[in-house]
Novice: 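Right, I'll just put the structure down here and ask away after.
A, B, ... follow the sequence lines: proteins, then strands. Residue 1 opens every chain.
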Amino acid sequence: MLTYIVRRLLGIIPMLLGITVLSFLVIKLAPGKPVMLQYSLNPKISLEEIRRLEKLEGFDKPLHIQYLNWLKNLSRFNFGRSFSDGRPVTEKIIERLPVTLAINILSLLFIFAIALPWGIKCALKEGTFFDNASALTMFLLFAAPTFWLALLLMQLFCINLGLLPISGIASLDFEYFPWWKKLWDLGRHMFLPVLVSSLGGFAGVSRYMRSNMIEAMNQPYIYTARAKGLSEATVIYKHALRNAVLPIVTIIGLSIPGLLGGSIIFESIFAIPGIGRLFYEAATMRDLNLIMAEVVLVAILTMLGNLIADIAYAYVDPRIRYGKR
Amino acid sequence: MGNLLEIRNLKVNFNLDDQVITAVDGVDLDVREGEVLVLAGESGSGKTVTALSITRLLPRTAEIVSGSVMLRGKDLARLSEDSLAAIRGKEIAYIFQEPSSFLNPVYTIGNQLLEAITLHHGKDKEEALKEARELLALVKIREPERVLLDYPHQLSGGMNQRVFLAMALACRPKLLIADEPTTSLDVTVEAQILQLLMELKMRLGFSLLFITHNLSIARRIADRVSVMYKGEVVEEALTEDIFKAPKHSHTRELIRAYEKIGRL
Amino acid sequence: MGSKRLLFGCLIIGIFSLLAIAAPLVSPYDPSSIDQAGLLMPPSARHLLGTDGLGRDLLSRIIYGARISLSIGLIAVGISVAIGLVFGAVSGFYGGLIDSLIMRFVDIMLCFPTFYLILAVTAILGPSIFNIMIIIGLTSWMGTARLIRAEILSLKEREFIQAERAIGASSSRIILRHLIPNAIGPVMVNATLGIAGAILVESGLSFLGLGVQPPTPSWGNILIESKSTLGVAWWITVFPGAAILTTILGFNFIAEGLKKKIG
Amino acid sequence: MILQVKNITKTFIVERGMFKRGAGLVRALDGVSFSMEEYSALGVVGESGSGKTTLAKIILGLIPANGGEVIFDERMIADFRKDVQIIFQNPYNSLDPKMRIINTLAEPLLIHRVIPRHALKERAIELLRMVGLDEGALSRYPIEFSGGQRQRICIARALASEPKFIVLDEPISSLDLTIQAEMLDLFLALKERFKLTYIFISHNLAVIKQMADQVIVMESGKIVEQGAKDAIFNSPAKDYTKLLLEAARGW
């Protein structure tokens, strides 16, 4: 087990290298000089000034030197300053990260808490009205653009029914609330964002769980379990379920990029100050340092998510944990 | 000798998307107390479906259209799912063709074996473990302690079939149904498993319904042979008689083929 | 079941494609002409789906939007399938070092949540229709590459490929006459789903204002307005979204039907 | 000598579970040598994992060996790919599911330019008749045929280029008993008709006894015993051979 983990951890190094090189190249696609871009809005800066700044930031050096310098800074979590307000990029991201992580983790929990039992139920009722109706629903959820669903839900809950606040993560007078009211307030604000960011994943995971379960129920060992005289409940929940659930572990890892990507859209719709919205703002303002920092960050988060899921899967599946004798 | 099991006019259909296929078409079959009955036939002849129908272990698409399955006077075909579950494993046990895929890959051998032991008799853990070791010794597994902790994929096909046999015999069933249990094994291992099976049958006195396409096995172990062809039993006779004087044309064809390629 | 879905999907996509191609003939108004009679008019006989905030006919804008959205979907997937096919086939057929290099590259690409990468590149290169097609294509080929590689690896193990080699068939003959015809089915399914995915990405991008730029109508950018008209003009939210939903459903139905057909 | 196999070794790398260190090496073949006379029939018998199939693939050049060599006598084998053919165990996997039978049969004819294009169809029909099928099969797909029929088509394809040497790798073990018997008769008839030299690989000693005049017994990649059929069956020298015979005869 230990050797496997060490091997996987070592595997991160080339991945990190690849991720940073690719991110670096993406930014270098930019036509024109970055410094120009940065200060182009500022008419007071002269051409000489720009040259000087370029030298200062090392933009006159060859590409690989620039990359190495950038990498050196990166290893110290120094992504430079934001073009828009001059604050350190790292600081801006750290400030915004908790909200995004909280919503995504809540979504993940929400997805799995509902999608797994739902998928199992569909599998056990394969071909019935319930199964077909849920298949259709999931199909629709899969096909609907998230931001459109968000708009419709906002219309319904916030405008027609007036039940929920339309945007933000807290009320204006949040600070003066007692703790229970704070919690309630947060809950009301978080409800729609978490729901919206879960819907797509929910459809995917429940369909996946359903097909895994159906497959497991058709395996030879299910005949064995029945032939032993086990009750149908034991057959399903001991023998089929364990086999069907194991591969789900890797799905958690795979759903991370989707969730993080979705953050951009729903955070900007619901006006939530997370890294998704930060990225959106950076993209509209062409704030290169910030864009680059976030691209690297989400890629690393994704990679770590996959890594953890892989190791977890290898651990829970005895066929991988123990080889042949 | 009396009949342990009497199957009468069994008919099983498979309801597929666009058609109905009759897999078993009016089968009568008797298994006598303590005998070895070989159910022989080629692929698709309906022998496995017949065997699974006895305790209704069929896939969802299958449907028992008619027939009775009497076990010592009790009609299994009319029993509720719960009462049938009480009979499976306890009075009628199965072993299958590919032991490695018929064992659950995510549980240890010990777990699966203990399940079989404790299911029909409430035993405490110590007792059950002792029983498990004895069962493994019964099927001549040398390192029972180690095997109990192993997962199926860590054992060879032959070992898994031994484990399977131990599991099937846990409740000392009256009838053991073996569906091509040696087909996926090498010939030398096949010989060992068959020998073990016959030894255990002598010791424990169960009846054996053995399903195979391999007539040389039939010749070796059977008291009687039933031949199935296209969902029907076309011939049933004492082993000696059927090889000496086969009556049905399909049996003759089978035996001719066996003489050519099954017999050394 | 499979063929019914396939038919239904083809019907939906067929209708949208026809509308898109014949946009100038079938749309009741020019998509950018402004009706002086009023902005944000609800659906009526004059404007079947109502008008937008500038008084433009919503139906006409959706019909013209179909042109943009469908062609972006189609071309982006064309690019991504082409790249995926080459990488996947090379990787699967030759194996060894080149295979591990390509697959590591795929792993790395997959670490970038597509939307971040696309947004980063559009932010830098500027959002034009052309850029969007290329960028979506360049960032969505990894699934296809993996699929093709897996298909080819499993086909290579099949005995009929060995038998072909035994009768002396050349590598190119095996690839062209045996591997590709047998691997193409899953690729078609994948590509159909890919078109749906690309249309979704485009609409999201345009909705954020970083995709197709107004006044050119696309389904995503028509919806931008709905943020500010929520509760005032429901039709601006409902109809373009429904167009996206139906199209995606159509492609998904085709994919499902194809999958069943292939077996 | 039509075939000489000299000291073939082949090792495979296998992953042994993720948490056991590194990969293991498995010796699939270990110093295998034998030779064959023209028009002779060699039976190779062994259990799973004995290296039979690996040997077949190496002889055909479908996978490379790690050591040793396979020599076909140049005077007799002019064009390796045309003159040496193989029949696999699983007929369900051996035909391209997307190809009509006529195209499958035409492939070797086209590749080796055995006959002019316009005669292709006629030749394909002839091939089908040879293996007991008729021209109705031409425009159909593999899925429309039973296992036995598919194996017949595989034989027709193998014979299309008029080979001198055929490797039969468990060619009947996935078929029903009665079909197996028919296939053996077909092989024997074709052997006579085309003056074939062949290697027949099987785990079934009874089949080997009928199909071969020389026999090789293999176990874990090595040749345990080789010799004339009668010698092997009547007075086996090695324990393993005895064990196999005993298992096949019953106890």
Novice: Would you give the length of the straight line joining atom CG of C:L110 to atom OG1 of A:T302, rounded to the nearest 0.5 angstrom?
Specialist: 10.0 Å
Novice: Below 4.5 Å, heavy atoms only, C-beta onward: do C:W234 and A:N160 meet side chain to side chain?
Specialist: no
Novice: Determine the minimum heavy-atom distance between C:F112 and A:I19, stating which atoms define it.
Specialist: CZ-O, 3.5 Å
Novice: Look up atom CG in A:L22 and atom CG in C:L117, then write down how far apart they are to the nearest 0.5 Å.
Specialist: 7.0 Å
Novice: For A:L9, look at atom CG and say whether over 12 heavy atoms of other residues, nucleotides or ligands are found less than 6.0 Å away.
Specialist: yes
Novice: Between C:A196, C:A242, C:P240, which has the largest tally of heavy atom pairs under 4.5 Å with chain A?
Specialist: C:A242
Novice: Decide yes or no for C:F115 and A:I265: does some side-chain heavy atom of the first lie under 4.5 Å from some side-chain heavy atom of the second?
Specialist: yes
Novice: Nearest 0.5 Å, please: how far is CZ in A:F147 from OG in C:S203?
Specialist: 3.5 Å
Novice: Between C:N252 and A:A143, what is the shortest heavy-atom contact and its length?
Specialist: ND2-CB, 4.2 Å
Novice: When only pairs under 4.5 Å are counted, which of A:G18, A:S263, A:G11 shares the most heavy-atom pairs with chain C?
Specialist: A:G18
Novice: Can you tell me which of A:G261, A:G262, A:P14 forms the most heavy-atom pairs within a distance under 4.5 Å of chain C?
Specialist: A:G261
Novice: Side chain from CB out, backbone as N, CA, C, O: work out which of these in C:L210 comes under 4.5 Å of a heavy atom of chain A, or both, or neither.
Specialist: side chain
Novice: Evaluate the side-chain proximity of C:T114 to A:P257: yes if any heavy-atom separation is below 4.5 Å, no if none is.
Specialist: no
Novice: Go through C:F207, C:F251, C:F105 and name the one with the most non-hydrogen pairs under 4.5 angstrom from chain A.
Specialist: C:F207
Novice: Which atom names give the shortest non-hydrogen contact between A:W148 and C:T237, and what distance separates them?
Specialist: NE1-O, 2.7 Å
Novice: Just to be sure I understand the criterion: a residue of residues 273-280 of chain A counts if one of its heavy atoms is under 4.5 Å from a heavy atom of chain C. Which ones qualify?
Specialist: A:I275, A:G276, A:F279, A:Y280
Novice: Is it true that atom CZ of A:F142 has more than 12 heavy atoms of other residues, nucleotides or ligands lying nearer than 6.0 Å?
Specialist: no
Novice: Tell me the closest heavy-atom pair linking C:L200 and A:A144, and the distance in Å.
Specialist: CD2-C, 4.4 Å
Novice: Okay, side chain of A:R286, backbone of C:I124: is any donor-acceptor separation there less than 3.5 Å?
Specialist: yes
Novice: Please name the pair of heavy atoms, one in C:P113 and one in A:L260, separated by the smallest distance, quoted to 0.1 Å.
Specialist: CG-CB, 4.3 Å
Novice: Could you check if a side-chain atom of C:C111 sits within less than 4.5 angstrom of a side-chain atom of A:M15, using non-hydrogen atoms only?
Specialist: yes
Novice: Atom CD1 in C:I108, atom OG1 in A:T20: separation rounded to 0.5 Å?
Specialist: 8.5 Å
Novice: With rounding to the nearest 0.5 angstrom, report the CD1 to CG distance, C:I236 to A:L151.
Specialist: 11.5 Å
Novice: What distance separates A:L140 CG from C:I248 CD1, expressed to the nearest 0.5 Å?
Specialist: 12.0 Å
Novice: Verify the neighbour count for atom CE of C:M188: are there more than 12 heavy atoms of other residues, nucleotides or ligands below 6.0 Å?
Specialist: no
Novice: Does a side-chain heavy-atom distance below 4.5 Å link C:Y116 with A:I291?
Specialist: no
Novice: More than 12 non-hydrogen atoms from neighbouring residues, nucleotides or ligands closer than 6.0 Å to CZ on C:F8, yes or no?
Specialist: no
